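Structure first, then comments.
Since the model is a prediction, treat every value here as computed from it, not as a measurement.
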Amino acid sequence: MNYLDSLNTEQKKAVLAIDGPVLIVAGAGAGKTKTITHRILHLISEGIRPENILAITFTNKAAKEMRDRVMGLLTHHKNIPFVSTFHSLGVYIIKENAEILKLPRHFNIFDKVDSKKALKNALVSLGIDPKDELDKIGHIISKEKGRGVNMSEYLRGGAFDRTSELVKKAWVKYEEILKKEHALDFDDLLLKTLELLQKREILERYQNQFLYVHVDEYQDTNKVQNEIVELLVEKHQNICVVGDTDQNIYSWRGAEMKNMLHFEKKYLETQTFFLEQNYRSTKNILNVANEIIKKNNFRIPKKLFTEKPEGEKISIFEGRSAVDEAHFIAMKAREFIGKGVRSESIAVLYRANFQSRVLEDAFLSHGIPYQILGIKFFERREVKDIISLVKTSLNEGNVSDFTRIINIPPRGIGKVTLQKIISGKENGLNESLKIKINNFRKMLVDFRNILKNDKPSKALKYIIEKSGMENHYKTGQEEDTDRLENIMELVTLATKYDSLPNEIGIENFLTDVALASDQDVLNTEKTGVKLMTVHSSKGLEFDYVFISGLENDLFPHKKMYERKKSGEEGEEERRLFYVAITRAGEKLLLTHANTRTIFGRVEINSRSEFIDDIPEKYLEHESYSSNHSLTPLINIDF
């Protein structure tokens, strides 16, 4: 059991407590992934079969990291535990029971863009202006599904106000579109899984398969996710949840902190362990984090500590304007890089996406390489085209994918022709058009055979070439060259699925593509300072961190205060600031601006109340000359 030697006392206790309910309260940077993976190793060393162990987390990136670590520890085992996100687990269970839900095995997964488009079409068909109602209705439907409420239950609901009536009408049309497309949206992947597990014979099968269940980031589970977990562990009660109430920052998308706060009441035999030793940050950074979060009341109390040095004080910079602030950040980043700091170990965090524009301008003007999180690779037009082609080949019933790709590259099939195909009036077309459509369908059959009989990467390469997409982008123009490189990158990404049986490989590839998040396409090794929202930074760590825009009404955000109720939701902005602070390992810099232009209007700001909560002894105030040197950094390729 020498694998226990690398664990601290609390980590070791949590690893050894393998039977019954276990709650691990794990602070930021306290080695929770290491604890979970070593716990899994210990279970297997005690005779538990790997396939009887389930570990669930929230992002593909976190699941991959956990899976890789487990594989690194289990050097003598062919089988490995089932490590996945909640949504991937849902896809697995739904595919195994697709017939019960009257879905094909290759059902379509609507990403957020697809879902928004489908709901927009639903509203238009009802004569409702999407511009005014789309986001609001979409949010309500998503939140209801996250609470475990399906359309039928919502229609039976007692609310009769204008908004509820609009939602009811739109939801019915939206579900009609999903059904026609053989599709489920993100929320359905969880809701349909719950509905399946509520059938006793199906539940027993998975209870007997997953004897030991682990849930990471438990504070972020919503009602449906928690009910799925409770059903899975109902029989054996071997549940281990890991989380930190101080990092609950997703109430706006349905996360319920009470799942973690009430865990010990739900499972009376719970063993609770606290991981409070931080391995990431200096003492000064942790002291500030502890000072900030102790003002919240709705939390499981803990206090992070570290054996690392005291470190530098926290820098405060006050800019005259957002432009001034951005140039300070760029010049300071440049200064760090000049002293040998790797640019990829520096991050700039902001509360709202609009802040990125002025930051990008500053980084460009100073010639500093950067990578911005939020530009999603899988949402690029040419990438979605190839994915649509693959999905249509496997299931021609995906009308949205079929219509998207039938004339890309151009095949002389226009909108009028397409409408006749969709409405079943294809026989009325002239012979030339019928031949074109028939050739397209023959191509799909060919691709279907290739996808079933070849490795995913080889099949994708074949499809890109034979569909005409490769030649379509070989124009020599820079924009088309970029698009060609992007679709070829899909082939590279598909190679990691080549070790699986062909059909399973392409299924897993499509599932991961559909469920990809911002973090999944962030290349932490790529040269460049990382720019991202605080929400996107969750789970990441950097040596040097700037937190920008620390002004009242921006951070803490005015919108959150306007809509906050009481209790833990009212404390979420402070938790978000805590998450931002604890991303930093060596140096933390806090910046704010006296004026900022928002929606074309210059606003005068007071500095954030969060800064005022930091004892002066931890702070140092910085200034700089506004005569910026615009000489680019040399030897940095971006």
Side-chain angles (χ1 to χ4, degrees), residues 60 91 104 106-115 117-118 181-183 375-411 413 418 436-437 439-498 500 502-518 520-521 523:
N60 289 337
V91 172
H106 296 293
F107 66 87
N108 204 359
I109 300 174
F110 272 15
D111 62 21
K112 291 176 183 177
V113 175
D114 297 328
S115 297
K117 181 180 177 182
E181 299 278 356
H182 306 299
I375 301 172
K376 296 182 179 177
F377 174 79
F378 295 112
E379 289 181 8
R380 296 175 191 270
R381 187 186 79 192
E382 63 277 9
V383 172
K384 285 186 76 75
D385 287 343
I386 296 298
I387 297 301
S388 285
L389 195 49
V390 172
K391 291 196 294 184
T392 307
S393 299
L394 292 171
N395 179 10
E396 199 176 313
N398 294 342
V399 179
S400 61
D401 288 315
F402 182 86
T403 55
R404 178 188 182 98
I405 203 64
I406 192 171
N407 203 41
I408 301 176
R411 296 183 178 88
I413 301 172
L418 190 54
K436 290 176 182 177
I437 295 163
N439 287 339
F440 178 69
R441 289 198 169 114
K442 283 181 179 178
M443 183 179 73
L444 294 182
V445 172
D446 178 38
F447 291 169
R448 188 179 309 133
N449 291 330
I450 291 292
L451 287 162
K452 289 181 178 180
N453 296 308
D454 267 333
K455 298 297 181 187
S457 63
K458 188 176 179 181
L460 274 174
K461 192 172 182 181
Y462 180 89
I463 289 170
I464 290 167
E465 179 188 349
K466 297 299 182 182
S467 66
M469 294 291 262
E470 187 173 356
N471 283 334
H472 182 57
Y473 289 122
K474 279 186 174 178
T475 63
Q477 295 180 13
E478 185 177 350
E479 186 178 2
D480 283 344
T481 300
D482 287 343
R483 287 185 171 139
L484 182 59
E485 288 175 354
N486 286 334
I487 62 176
M488 287 306 183
E489 179 65 17
L490 274 176
V491 178
T492 303
L493 290 169
T495 57
K496 71 177 184 177
Y497 302 87
D498 285 350
L500 299 169
N502 297 335
E503 283 198 78
I504 294 175
I506 201 66
E507 280 183 15
N508 289 1
F509 170 75
L510 289 174
T511 299
D512 287 350
V513 166
L515 302 179
S517 68
D518 286 355
D520 296 323
V521 293
N523 185 350

Just verifying a value: how many Å separate [X] [atom1] and [Y] [atom2], rounded to the nearest 0.5 Å?
X: Leu500; Y: Ile506; atom1: CG; atom2: CD1; answer: 10.5 Å
X: Thr403; Y: Ile413; atom1: OG1; atom2: CD1; answer: 12.0 Å
X: Leu451; Y: Asp446; atom1: CG; atom2: CG; answer: 9.5 Å
X: Ile386; Y: Leu490; atom1: CD1; atom2: CG; answer: 7.0 Å
X: Leu389; Y: Leu394; atom1: CG; atom2: CG; answer: 10.0 Å
X: Glu503; Y: Asn453; atom1: CD; atom2: CG; answer: 8.0 Å

- Query: Leu484 and side chain to side chain contact (heavy atoms under 4.5 Å, CB included): which partner among Glu489, Glu470, Glu479, His472?
  - Reply: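 One option only clears the test, and that one is Glu470.
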- Query: Is there a side-chain contact (heavy atoms from CB on, under 4.5 Å) between Asp454 and Tyr462 once you walk through the steps?
  - Reply: CA-CA 10 Å; Asp454 267 333; Tyr462 180 89; over 6 Å; no
- Message: Do Ile464 and Lys461 make a side-chain contact, defined as non-hydrogen atoms from C-beta onward lying under 4.5 Å apart?
- Response: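 No - every pair of side-chain heavy atoms lies 4.5 Å or more apart.
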- Do Leu510 and Ile109 have side chains that get closer than 4.5 Å, going by heavy atoms?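 A side-chain contact is absent here, since even the closest heavy-atom pair is not under 4.5 Å.
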I'd like to check the side chain to side chain donor-acceptor pair (under 3.5 Å) partners of [X]; sequence neighbours left out, ordered by chain and number.
X: Ser467; result: none
X: Thr475; result: Asp480
X: Glu485; result: none
X: Asp111; result: Lys384

### With sequence neighbours excluded, residues passing side chain to side chain contact (heavy atoms under 4.5 Å, CB included) with Ser400
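Side chain to side chain contact (heavy atoms under 4.5 Å, CB included) list for Ser400, sorted by chain: Asn108, Phe110, Glu181.
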- request: Please identify each residue that fulfils side chain to side chain contact (heavy atoms under 4.5 Å, CB included) with Asp498, with sequence neighbours left out.
  value: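 Residues passing side chain to side chain contact (heavy atoms under 4.5 Å, CB included) with Asp498: Lys455, Pro456, Ser457, Thr495.
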Could you work out, with salt bridge (Lys or Arg N to Asp or Glu O under 4.0 Å) as the rule, every residue matching [X], not counting sequence neighbours?
X: Arg448; result: none
X: Arg441; result: Glu396, Glu426
X: Glu382; result: Arg483
X: Lys466; result: none

Search all heavy atoms of [X] against all heavy atoms of [Y] and return the closest pair with its distance.
X: Lys452; Y: Asn502; answer: O-CB, 3.4 Å
X: Leu460; Y: Ala494; answer: CD1-CB, 3.5 Å
X: Arg411; Y: Ile406; answer: NH1-O, 2.8 Å

Who are the ring pair (Phe, Tyr, Trp, His ring centres under 6.0 Å) partners of Phe402, not counting sequence neighbours?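 For Phe402, the residues satisfying ring pair (Phe, Tyr, Trp, His ring centres under 6.0 Å) (neighbours in sequence not counted) are Phe440.
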Ring pair (Phe, Tyr, Trp, His ring centres under 6.0 Å) partners for Phe509, two or more places apart
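Partners of Phe509 by the ring pair (Phe, Tyr, Trp, His ring centres under 6.0 Å) criterion, ordered by chain and then number, come out as Tyr497.
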